[in-house]
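Chain identifiers are assigned alphabetically (A, B, ...) following the order of the sequence lines, protein sequences preceding nucleic acid strands; residue numbering begins at 1 within each chain.
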Number of protein chains: 2
Amino acid sequence: MPRRGPMGPPWWHHWLRNCGCRITAPREIILDILSRSPGHFSADEIFFMVRQMYPQIGLATVYRTLELLSNMGLVHKLDFGEGKARYELAQGPETKGHHHHLICIRCHKVIDYEEISEKEKELLKEVEENLEKKYGFKITDHMFNFYGICKECQEKGDEVK
Amino acid sequence: MPRRGPMGPPWWHHWLRNCGCRITAPREIILDILSRSPGHFSADEIFFMVRQMYPQIGLATVYRTLELLSNMGLVHKLDFGEGKARYELAQGPETKGHHHHLICIRCHKVIDYEEISEKEKELLKEVEENLEKKYGFKITDHMFNFYGICKECQEKGDEVK
DNA sequence: CTGCGTGCAAACATTTTGCACGATG
DNA sequence: CATCGTGCAAAATGTTTGCACGCAG
């Protein structure tokens with residue numbers, strides 16, 4: 001069921017092979033679902049989505065696959081302070097390639113924003129290059145979070161109890 | 001034991017009062033410790049540090065206090081993918097006010113970096129103002145993470161197993 | 001045919017919660 | 001002196017692991 005181009009294997013096959021990993025149904029289905037679903041999903045949300053196409057899957061496999069993909073840099077493991085991780089595709093043909101969030105520290109609402117100016121893009125590239133040089137890192141991705149209090153929570157006042 | 005200025009109460013008293021919270025020994029000690037310890041600490045690391053000054057403290061109180069401080073925006077709850085949260089002071093007289101991390105997706109090593117150019121500072125301020133206007137958020141903090149593969153892990157090759 | 005990957009269930013770790021007592025303002 | 005906050009222990013939750021079977025390469 002993975003969506004493919006006019007023909008040939010899905011784009012992620014070379015990622016898996018390059019890492020010495022086998023191509024299996026659970027991996028294909030998880031990647032397929034992530035690649036066509038924008039947003040951040042918890043492991044059990046992914047579990048339920050995958051189960052609809054592949055009912056015999058186990059939750060442990062979902063966790064193992066997500067960790068694998070995360071170690072490959074294909075998937076981004078996120079934490080918004082809810083006590084469980086969330087995941088999103090980090091790399092892919094249709095990925096915009098940046099993950100910028102506005103997170104409310106009271107209600108944990110998350111807003112994705114996409115706006116990014118040319119100036120920012122340039123500066124970002126510069127910063128990444130400096131970091132790579134200085135620390136010997138091979139940077140594959142980034143995530144910018146802004147924390148604050150959302151409109152609704154501001155209206156509730158400053159009491160924190 | 002909290003370190004105070006020449007006289008008068010520690011700087012965080014007004015934060016607590018402003019939120020309608022009482023000033024108690026556990027809260028004072030946790031804030032005191034965080035404010036003089038740079039770095040990111042897990043709940044139980046903080047628990048052990050606090051216990052040395054205040055042995056009767058319970059781990060639950062540490063969690064409750066950290067959540068409180070996090071909701072106030074005084075403390076930053078971080079997740080580097082280790083399966084437990086880490087905390088650091090977000091606001092305070094000596095806080096540099098930015099939390100920028102370089103995170104290895106293989107070994108989860110975290111490098112804090114402090115370098116930030118004037119150009120970046122300006123742009124950041126601009127971006128924050130735009131976001132506040134556009135989404136009605138009151139931004140209190142931010143965190144920038146760059147993900148990649150550290151020098152050591154690069155040497156181990158691409159196999160991810 | 002040789003491992004690697006999977007499903008299941010049990011184990012683990014961290015974090016949260018209920019309750020009765022004690023401290024704060 | 002009325003609550004709010006705390007300590008303890010138990011519970012809940014999310015995530016990891018051990019093992020035997022099955023499939024990819």
Test salt bridge (Lys or Arg N to Asp or Glu O under 4.0 Å) applied to A:Arg86 - qualifying residues, sequence neighbours left out: A:Glu45, A:Glu82

Rounding to a whole Å, what distance do you find between B:Lys84:NZ and D:dT15:P? 15 Å

Starting the side chain at C-beta, find the nucleotide from D:dG7, D:dG5, C:dG7 nearest to B:Arg27. D:dG5

Please state how far atom CG in B:Leu66 lies from atom C1' in C:dT16, giving the value in whole angstrom units. 14 Å

Using the side chain to side chain contact (heavy atoms under 4.5 Å, CB included) criterion, which residues pair with B:Asn18? Sequence neighbours excluded. A:Asp158

Check the distance between D:dT15's C1' and B:His108's NE2 and give it to me in whole angstrom. 13 Å

Work out how much the helix from C:dC1-D:dG25 to C:dG25-D:dC1 bends between its end axes, five pairs an end, to the nearest 10 degrees. 50°

Going by the rule side-chain hydrogen bond (donor to acceptor under 3.5 Å, both in side chains), which residues pair with A:Lys156 if we only count those two or more places apart in sequence or in a different chain? none

With sequence neighbours left out, what residues match B:Asp79 under side-chain hydrogen bond (donor to acceptor under 3.5 Å, both in side chains)? none

Counting just side-chain N and O atoms, does A:Thr24 come under 4.0 Å of either OP1 or OP2 of C:dG5? no

Contacts of B:Gln154 meeting side chain to side chain contact (heavy atoms under 4.5 Å, CB included) (sequence neighbours excluded), chain-then-number -> A:Lys138, B:Ile149

Take the protein atom CG of A:Leu68 and the nucleotide atom C1' of D:dT16, then report the distance between them rounded to whole Å. 15 Å

Distance check needed: C:dT14 P versus B:Tyr63 OH, whole Å only. 7 Å

What's the NZ-C1' distance between A:Lys77 and D:dT16, to the nearest Å? 11 Å

Using the test ring-ring contact (aromatic ring centres under 6.0 Å, His included), find all partners of B:Tyr63 that sit at least two apart in sequence or belong to another chain. none

Once side chain to side chain contact (heavy atoms under 4.5 Å, CB included) is applied, do any residues pair with B:Asn130, and if so which ones, sequence neighbours excluded? none

To the nearest Å, how far apart are B:Leu16 CG and C:dT24 P? 14 Å

For the pair A:Phe80 and A:His40, name the ring-plane relationship: parallel under 30°, tilted 30 to 60°, perpendicular over 60°. perpendicular

All N/O contacts under 3.5 Å from nucleotides 17-23 of chain D to the protein, with atom names and distances to one decimal?
unit_1: D:dG18; atom_1: O6; unit_2: A:Arg64; atom_2: NH1; d: 3.3

To the nearest 0.5 Å, what is the distance between CD1 on A:Ile29 and OG1 on A:Thr61? 11.5 Å

Is the shortest side-chain N to carboxylate O distance from A:Glu122 to A:Lys119 below 4.0 Å? no

Would you give me the side-chain donor-acceptor pairs under 3.5 Å for residues 46-54 of chain A, sequence neighbours excluded?
none

By side chain to side chain contact (heavy atoms under 4.5 Å, CB included), which residues pair with A:Ala85, not counting sequence neighbours? A:Lys77, A:Tyr87

Measure from CD1 on A:Ile57 to P on C:dG5 and round the result to the nearest Å. 14 Å

Return the nearest nucleotide to the side chain of A:Cys21; candidates are D:dG5, C:dG5, D:dT15. C:dG5

In residues 41-52 of chain A, what residues come within less than 4.0 Å of DNA chain C, judged by heavy atoms? none

Have a look at B:Ala25 and say if it touches a base, only the backbone sugar-phosphate, or nothing, with a 4.0 Å heavy-atom cut-off. nothing

